[in-house]
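Step one of this worksheet: look at the structure below.
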Amino acid sequence: GDHVLDVADPAGADVRDVEQAVGPLLQLHERAELRRLHDLRVVELVADLRLDNREELASTLGIAADDLAIMPDSEILLRAWRHWGDSCAEHLLGDFAFALWDRARGCLLLARDHMGQRTLFYHRGEGFIAFATELPALFAADGVPRRLNDDELARRAAGLLEEGKI
């Protein structure tokens, strides 16, 4: 069943419980809404989400109306991932940010909603990935530099200039 993970406070609370639950790849969660939703030995899912197209997804995924009435959005998300794989976020409408660790494939999927209502920041460090929906929480993780990457900012600004967006 669903249960809340111990979560890290953006001010720097302990993240050991998260690391033990998800493994060394994922280091940081910062909001109480982020929950460890499924522990199926193969998949770990943490999500901050609200799905607006539950009925449409249920119809496509073959979820009965009675089941949908009591099904959390996290279960719908997991079923969508099983159906569409890594492209599942393309089929979701609502506000969401999630991380799904597929142990069998050794793959991490980080996704956020199309409109950016839920932000998702990440840092790839030496032997780890840290992610959070707020920058202070990301910067609270050990091994995450407390500064922006000037080279990355320049690369993104150049891309925007080429596209005529600034």
Side-chain angles (χ1 to χ4, degrees), residues 2-52 72-78 80-81 85-90 92-163 165-166:
D2 293 358
H3 57 283
V4 177
L5 272 178
D6 291 331
V7 295
D9 177 352
D14 194 348
V15 297
R16 286 176 298 172
D17 291 334
V18 174
E19 292 177 271
Q20 291 170 357
V22 183
L25 182 66
L26 306 181
Q27 186 174 1
L28 178 67
H29 308 288
E30 81 294 354
R31 294 173 49 170
E33 295 84 24
L34 288 180
R35 302 173 192 280
R36 179 169 167 202
L37 300 168
H38 301 280
D39 182 5
L40 304 175
R41 295 191 183 133
V42 177
V43 174
E44 295 282 348
L45 172 66
V46 288
D48 180 4
L49 76 154
R50 187 201 75 242
L51 295 178
D52 294 333
D73 287 353
S74 58
E75 179 65 25
I76 298 169
L77 170 56
L78 186 59
W81 173 76
D86 291 348
S87 65
C88 65
E90 297 170 18
L92 306 177
L93 295 177
D95 299 346
F96 60 87
F98 68 86
L100 189 144
W101 172 238
D102 180 349
R103 290 182 186 158
R105 292 182 11 211
C107 292
L108 173 66
L109 174 63
L110 294 174
R112 66 163 178 81
D113 62 88
H114 315 289
M115 299 299 292
Q117 295 300 309
R118 300 277 204 274
T119 55
L120 185 60
F121 302 99
Y122 69 93
H123 172 76
R124 180 186 285 184
E126 187 75 29
F128 75 98
I129 294 175
F131 64 92
T133 56
E134 296 177 1
L135 277 175
L138 183 65
F139 289 155
D142 289 338
V144 174
R146 281 31 168 199
R147 60 176 166 61
L148 298 175
N149 182 325
D150 292 335
D151 293 336
E152 181 64 17
L153 287 173
R155 187 183 70 73
R156 288 180 185 250
L160 290 174
L161 283 173
E162 289 175 11
E163 295 173 13
K165 292 184 179 178
I166 56 172

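Side chains included, hydrogens not; waters and symmetry mates left out as well; all remaining heavy atoms used.
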NE2 of H114 to CD of E90, rounded to nearest 0.5 Å, is 7.5 Å
One should read off an interatomic distance between L138 CG and R146 CZ, to the nearest 0.5 angstrom, of 8.5 Å
Exercise for the section: Apply side-chain contact (heavy atoms from CB on, under 4.5 Å) to W81 and L109, showing your working. Expected result: CA-CA 10 Å; W81 173 76; L109 174 63; 4.2 Å; yes
CG (L49) and CG (L92) are apart, to the nearest 0.5 Å, by 8.0 Å
So SG of C88 and CG of L78: to nearest 0.5 Å the spacing works out to 9.0 Å
When rounded to the nearest 0.5 Å, the distance separating CZ of R105 from CG of D86 is 4.5 Å
| Backbone N or O of F139 within a donor-acceptor pair of the H123 side chain at under 3.5 Å? | no
- request: Assess whether side-chain contact (heavy atoms from CB on, under 4.5 Å) is satisfied between F96 and L120, documenting all intermediate values.
  value: CA-CA 9 Å; F96 60 87; L120 185 60; over 6 Å; no
dist R118:CZ -> D113:CG (nearest 0.5 Å) comes out at 7.5 Å
Original post:
Are side-chain heavy atoms of V46 and F131 found at a separation under 4.5 Å?
Top reply: yes
- Query: So do the side chains of D73 and F98 get within less than 4.5 Å of each other, counting heavy atoms only?
  - Reply: no
Scanning both residues in full, the closest heavy-atom pair of M115 with R112 reads C-NH1, 4.2 Å
For C107 and W101 the tightest heavy-atom approach is O-CE3, 3.1 Å
Looking only at heavy atoms, the pair that brings L77 and A47 closest together is CD2-CB, 4.2 Å
